[in-house]
Amino acid sequence: MARELPKTYEPQQVESRIYEMWEKGGYFHAEKDESKKPFAIVMPPPNVTGQLHMGHAMDATLQDTLIRFKRMQGYNALWVPGVDHAGIATQIKVEEELRKEGLTRYDLGREKFLERVWDWKHKYGNRIVEQQKKLGASCDWDRARFTMDEGCSKAVREVFVSLYEKGLIYKGSRIINWCPNCVTALSDAEVEYVDKPGHLWHIRYPLADGSGEVVVATTRPETMLGDTGVCVNPNDERYKNIVGKMVILPLMNKQIPVVADDYAEMEFGTGCVKMTPAHDPNDFEVGLRHNLEVIRVLDDNGKVNALGGKYQGLDRYEARKQIVADLEAGGYLVKVEDYSHNVGTCYRCHKDVEPIISAQWFVKMKPLAEEAIRVVKEGETKFVPERFSKTYLNWMENVRDWCISRQLWWGHQIPAWTCEDCGHITVSREDACQCEKCGSTRIQRDPDVLDTWFSSALWPFETLGWPEKTEDYNYFYPTDVLVTGYDIIFFWVARMIFSGCAHTGKTPFHTVLIHGLVRDNQGRKMSKSLGNGIDPLEMIHMYGCDALRMNMVTGNSPGNDMRFYVERCEAMRNFANKLWNASRYVQMNLSEDAVNGLPALENLEIADKWVLSKLNNLIGEVTENMEKYELGVAVQKIYDFIWDTYCDWYIELTKARLYSEDAGRKQTALQVLVYVLDQILRLLHPFMPFITEEIWQSLPHEGEALIVAKWPEFSEKLAFQEEQSHMESVMEAIRAIRARRTEMNVPPSKKAALFILTSKHQIYQEGEGFIQRLAYADTVTLLDREPDHLEGMVSITTADAKLYIPMGQLVDKEKELARISKELESARKFLASLEGKLSNEKFVSRAPEAVVNAEREKAQKHRELIARLEQSLAAMQKL
RNA sequence: GGAGGCAUAGCUCAGCUGGUUAGAGCGCAUGCUUCACACGCAUGAGGUCACAGGUUCGAGUCCUGUUGUCUCCACCA
């Protein structure tokens, strides 16, 4: 019974329906089940403010492919989704909204402002989730989490307090990276260095005793307002006599000391460095060693503060201009050089970051890094590809304390209360009402919130119930694979690993699968400002989700960037269509009572055994590739099998039987067609979930859905070596005939007789029908010896046969001679190289036996081929 | 300054622990209204696997160096 199916696959008609079916079926949901092995992935939570982009598409595709593969393999597969509160990004978004109403967050006050953010979150927070569903993500949505939900808040509180109790969290005044635009501290990882053209100003600082002067150079003259010393190298003969003397700070007219410290390099500039301990991390260190005063001259908005004298109130850049002008007027400016240098910028707003001394909370990293280094060094967590473990280790081994406080309102507020009476800081799991030291109730909670990554760092275990020892936690934790881009190894992966080690005693996953960035077709990063981003949803709309997913994995290897070509989506759409039509062919021929499963082995014909044997090999290889995370290689093999082996050959090979009257043979062919298609669909499902499910549902099948069908397994029973090679002999003949006919411009419609001279009659008897149909022969005759009349015959030589086609006038004797000679020459050349190898005693004795045998076989085949070609040539010459 | 990636067909890229007469997609050429598919079929052209050494019976694949290119980390005023 033929089913009416459209000629082209229409993903829009299929995807939402299938997705709904999966969701309703509860196939995404995983519960503890001791009879199954768990396999868990936690999704890198996208920002609530986020819009789905190609990076998400890449991320989600890889994870979903792995999860679906494992689910089919019988694992209890859990993919935990969630969304990140994204401190700065979200706060900025809501503040922008407020600005339209002419308000700032200060107008609302903290509480009201946070209400607004939560409103915003409830309104838009689900948008990215809906978009992920469009990608076919088979996450357990019942377990969707938010980094600010109750459980996560509890986990954050627990971690903060316990680290504090262990002395691994402290509050201190340090030089931190300050973004005057976002008005908050940033961690080192949040600063991006950009090479910018600037100037090096050389400034004269006169000695206080009038005995001379020193010249210092700076790229940030405005910081001189906070200078509290000048530094020279202790070994610098030029300045030996001024160490300990005072110099006069121009414009500020105050005396500051000259100190000697290794930090100053004799070779750079004049060898004298001005010291601004409040605005430069190195100067701060030198200042500590030499007891220099710390004077902060910039406020939180990047304006000069009261300590900046007459420059107070000027923005840092205006102040710079003014100061340079004043220095010049005062004769202090020696010279100005063009100087290009790296400037730290904010990863969010890209404005220049200002190093500023400030009281912030830090995580002491050295003790935590130890275990995080060990687990990677000893392979408890492996990076794929391996080279990223080097990146990770290098960072972890040189890690500096992590600045975790942010001067924002949106985020996990720091659970620390300062006593207004005794100054003691109370850190507590429960909200504190009084000072734990003096009992005073006059305590103030620290207004700052934690770095967003502080909560993301706990993601693999907080989402499974930690700090409670829940069933889920015990069963699914540690998770298995983490999939993410190399751009957040430091931000996130590193912090999850040390957090997991510190709080759960286990590394949170055994494998980190790293992928590259998706770039535009010119290799540029996709970005809003360039406007070169391609919307995944648009691609899904145009070509279907499966095509987009295929684009993400084919021809891509872990860790490498990829360029996004719309053309490849199109190619993958075409592939989907190919598969669609192959199954249409099968279904059109299917009878009402069709069953699935293999026919009895004794009914199988050569083509069936050939395809089954090839399929069997494919299953083995693909499974191995998938297990090694070589998804691109795996999918390429599946693609080739479907298009080349199944569609271009097997389907063609079955046509004679399907259109014949022999019900038994027809039935066998159909059953094999269905069987192989079913297996193909299973192999392809993790990559192209929608179309495979849709087709599978319409075929005879056991079980509810392909998403939970069993992953195919290699079977010894289905390895048919001999039949496979016989079939390939026939195929070689067919290809050779087609090639010759094309060369001679003979159209397919023009059939011709075919004579086959071979010692392997059986092979060609079995293959006769195929040759007839696919090589346009009207009759096929098997011969034992050369035909009598070679005049007007084209001869074609293959590895085990000679084929003759009478082509009469079309045959050009000279051309034929030239062609055969050419073939002969190349065969001889190749044989010579093989024989060279085989006569090399070292090769025979040292190469593995299998390799040597393979070479011997090849040589033998070529000897036979050459013999046949020589015969042909001789016969041709006689004519 | 330190670390790493990439360099293979006109373009974009695969090629796993060394053994294929080096592959794919797109593009190109020629032919085909072949009863699943023109989002198709058939046939074909196109590669000194950046360069120079080395290890090996054997190197696109491993090692060293060179050149070009990209990225990350650190940051000397």
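As the structure is a computational prediction, the values presented were derived from the model and not from experiment. The basis for the numbers below is simple: all heavy atoms, side chains too, and nothing from hydrogens, waters or symmetry mates. Reminder, nothing fancy here: chain letters follow the sequence lines and each chain counts from 1.
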For this session: Among residues two or more places apart or on two chains, list those pairs meeting side chain to side chain donor-acceptor pair (under 3.5 Å) that have a residue in residues 220-229 of chain A.
Result: A/Tyr205-A/Asp227, A/Arg220-A/Glu354, A/Glu222-A/Arg320, A/Thr223-A/Lys274, A/Asp227-A/Lys274, A/Asp227-A/Thr276

For this session: Using a 4.0 Å cut-off on protein heavy atoms (strictly under), produce a 5'-to-3' string for nucleotides 28-40 of chain B with B for base contact, S for backbone-only sugar-phosphate contact, and - for none.
Result: -------BBB-BS

For this session: Encode nucleotides 2-16 of chain B as B, S and - characters from 5' to 3', where the letter depends on protein heavy atoms closer than 4.0 Å: B to the base, S only to sugar-phosphate, - to neither.
Result: --SS-----SSSSSB

Assign [X] to base, sugar-phosphate, or nothing according to its heavy-atom contacts below 4.0 angstrom with the strands shown.
X        : result
A/Arg741 : nothing
A/Ala739 : sugar-phosphate
A/His202 : nothing
A/Ala264 : base
A/Asn342 : base
A/Arg400 : sugar-phosphate
A/Lys829 : nothing

Problem set entry | RNA chain B base-pair string [pairs: Watson-Crick or G-U under 3.5 Å; |: paired with another strand] | (((((((..((((.....[...)))).(((((.......))))).....(((((..]....))))))))))))....

Name all residues meeting the ring-ring contact (aromatic ring centres under 6.0 Å, His included) criterion together with [X]; count only those two or more places apart in sequence or in a different chain, and write none if there are none.
X        : result
A/His202 : none
A/Tyr193 : none
A/Tyr650 : none
A/Trp395 : A/Phe490

Could you tell me how far [M] sits from [N] if I compare only their [atom1] atoms? Round to whole Å.
N     : M     : atom1 : value
B/C11 : B/C16 : C1'   : 26 Å
B/C28 : B/A45 : C1'   : 8 Å
B/A14 : B/G60 : C1'   : 12 Å

Problem set entry | Test salt bridge (charged side-chain N to carboxylate O under 4.0 Å, His left out) applied to A/Lys196 - qualifying residues, sequence neighbours left out | A/Asp352

Tell me which donor-acceptor pairs under 3.5 Å the side chains of residues 769-778 of chain A have, and how far apart each pair is, sequence neighbours excluded?
residue	atom	partner	partner atom	Å
A/Asp778	OD1	A/Ala753	N	3.2

Under-3.5 Å N/O pairs linking protein and nucleotides 45-47 of chain B:
none

Exercise. Can a donor-acceptor pair be found between the side chains of A/Tyr9 and A/Ser583 at a distance below 3.5 Å?
Worked result: no

Less than 3.5 Å apart, which donor and acceptor atoms pair up between the side chains of residues 633-648 of chain A and the rest of the protein, not counting sequence neighbours?
residue	atom	partner	partner atom	Å
A/Lys637	NZ	A/Glu621	OE1	3.2
A/Lys637	NZ	A/Asn625	OD1	2.8
A/Tyr646	OH	A/Leu673	O	2.8

